[in-house]
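Just below is one structure, and these are the notes that go with it.
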Amino acid sequence: MARLTMSRGSSCVLSLLVVMCVGASAARPDPEESLAAANGTCRSRVEPFGYGCEEHMVTTQDGYILSLQRITSGRRGESATGGGGKVPVLLQHGLMMDGMTWLMNSPNESLGYILADNGYDVWIANTRGTVYSLGHTSLSSSDPAYWNWSWDELASNDLSAMLQYAYDQSGQQKVHYVGHSLGTLIALAALSDQQQHVSMLRSAGLLSPIAFLNKVSSPLTLAAADVFLAEALYWLGIDEFDPTGTAVHGLLTDICKLPGVNCYDLMSSFTGDNCCLDNSSVQTFLAHEPQASSTKNMVHLAQMIRRGIIAKYDYGDASDNIKYYGQATPPAYNVSAIPDGFPLFLSSGGRDSLSDVQDVRRLEQALKSHDSDTLTVQYLADYAHADFVLAGNAKERVYGPLMAFFRLQDK
Ligand SMILES: *[C@@H]1O[C@H](CO)[C@@H](O)[C@H](O)[C@H]1NC(C)=O
Ligand SMILES: *[C@@H]1O[C@H](CO)[C@@H](O)[C@H](O)[C@H]1NC(C)=O
Ligand SMILES: *[C@@H]1O[C@H](CO)[C@@H](O)[C@H](O)[C@H]1NC(C)=O
Ligand SMILES: *[C@@H]1O[C@H](CO)[C@@H](O)[C@H](O)[C@H]1NC(C)=O
Ligand SMILES: *[C@@H]1O[C@H](CO)[C@@H](O)[C@H](O)[C@H]1NC(C)=O
């Protein structure tokens, strides 16, 4: 299988915002293989533990065919299908990750299983470009046009399609959302831009929130951002940002030669010092990730890191921006426009070098018209970026408080 070959033939660096692999490049699986692989998640990772699991597909308005896994029942067996009235939760992974994010640890430790065991109807999203969601109504993933998107489209198209689908399938029940890393930015952008999402959502839990990226402290990430901006034309010509490919290998090799950049422990360099990862979940991670993204998405993130604002993708010159947006600069997303009454749970870590403490404070400031009933803020001094989904103690530290927050909204 392509994905296993990829992890064996290369040495990967764990980071949930940027995953770099150095080594042999793997062939991309075709969309049918990708759907079979998704089926494999239910079979290999969910059903063996005694959970019910279904494979679903949804097509976005721009033609991307995305797969979702639905965990229909917990280990005790009550099913979500058949009008059980369970509350749906949509889980959205971060950059270069996929839905496996929520299933990496044991059923007692990973959020996907824990929610199912607590009676929720769990929907696991896989965004375009991940191995589970490579299908398109007219494009092949080897077409440059397939990779012509950034997180703007993940917010406006992928999230709306998956949310609408989970909402409809669960009998039009409002959905709780949980995002990690880039999955939080997608939600913040969608919520500030498109009010119709609010009517389908009960609340959003944002783990290791990414919104303002102005204070990112990792020298490695900053150097990567500079390369993307300085060499945007070159990088955009590559279309697909394949972390196992030679272009990315070259990028990493060059960056690691820069003074002040420490590549000795790459994972900590990107994510910060994770306190509580266990070795077996890291091994599971390396066997399944990283997933590809689009180069345009990486350039868009680099723009945010260097400019400190949350705005749509900048085409780089005024006339192109006018062509796409009707104005010379890309429109900003206004997170303060998220309705005050919409419940948000923010959980951030003191050692996270991507979701920096100062950037999270700025986000909290932007949301300050929320009161304490609608904004819950959690701060874990010893957590870094990956701990929120991979730590062995995340159930006690994060998921318990998150579910308590959900229960308040469900009353
Ligand atoms: C997924 O598994 C089901 C049940 O075995 C099967 O009917 C279906 O064809 C599979 N789908 C894909 C895309 O492999
Ligand atoms: C998981 O949790 C259940 C219920 O709390 C417990 O009975 C079981 O021993 C735990 N399993 C592991 C592997 O820790
Ligand atoms: C990318 O999409 C834009 C429209 O958003 C289009 O103008 C452009 O030609 C596309 N580029 C490629 C390579 O498909
Ligand atoms: C982690 O697990 C891998 C594979 O099982 C093993 O080779 C490695 O020695 C382990 N590392 C630690 C620190 O336990
Ligand atoms: C953002 O939204 C808030 C709340 O609706 C509004 O007061 C503020 O003026 C907006 N900011 C911008 C720059 O549009």
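For ligands, and for the atoms within them, numbers begin at 1 and follow the listed sequence. All residue numbers refer to positions in the sequence shown, counting from 1.
In this structure, Phe406 and His176 have parallel ring planes: the angle between them is below the 30° cut-off, well short of the 60° mark.
The pair Asp239-Lys296 fails the salt-bridge criterion, with no side-chain N (NZ, NE, NH1 or NH2) lying under 4.0 Å from an Asp/Glu carboxylate O.
In terms of protein heavy-atom proximity, atom 5 (O) of ligand 5 is closest to Ala337 CA, 4.1 Å. Protein heavy atom nearest atom 4 (C) of ligand 5, with residue, atom name and distance: Ser336 O, 3.6 Å. The nearest protein atom to atom 6 (C) of ligand 3, hydrogens excluded, is given as Tyr324 OH, 3.6 Å; this is a heavy-atom distance.
Every atom of ligand 3 is numbered from 1 in the order shown, and the set under 4.0 Å from a heavy atom of Ala145 is 14 (O).
Ligand 5 has an N or O atom lying under 3.5 Å from an N or O atom of Asn334, backbone or side chain. On a distance-only criterion, Lys323 and ligand 3 share no N/O pair closer than 3.5 Å. Of the N or O atoms in Asn148, one or more lie within a sub-3.5 Å distance of an N or O in ligand 3.
A side-chain N or O of Asp352 and one of Ser208 form a donor-acceptor pair less than 3.5 Å apart. Side chains of Thr130 and Asn126: a donor-acceptor N/O pair is absent below 3.5 angstrom, by distance only. For the residue pair Asp314/Asn321, the side-chain donor-acceptor check at 3.5 Å is satisfied. In this structure, a donor-acceptor pair under 3.5 Å is absent between the side chains of His93 and Thr101.
When Arg202, Lys86, Lys174 are each tested for a salt bridge (Lys or Arg N to Asp or Glu O under 4.0 Å) with Asp410, only one passes: Arg202.
Note that atom 9 (O) of ligand 3 has no protein non-hydrogen atoms nearby, at separations under 4.0 angstrom. Remark: atom 2 (O) of ligand 5 lies closer than 4.0 Å to at least one protein heavy atom.
Under 4.0 Å from ligand 3, not a single heavy atom of Pro144 appears.
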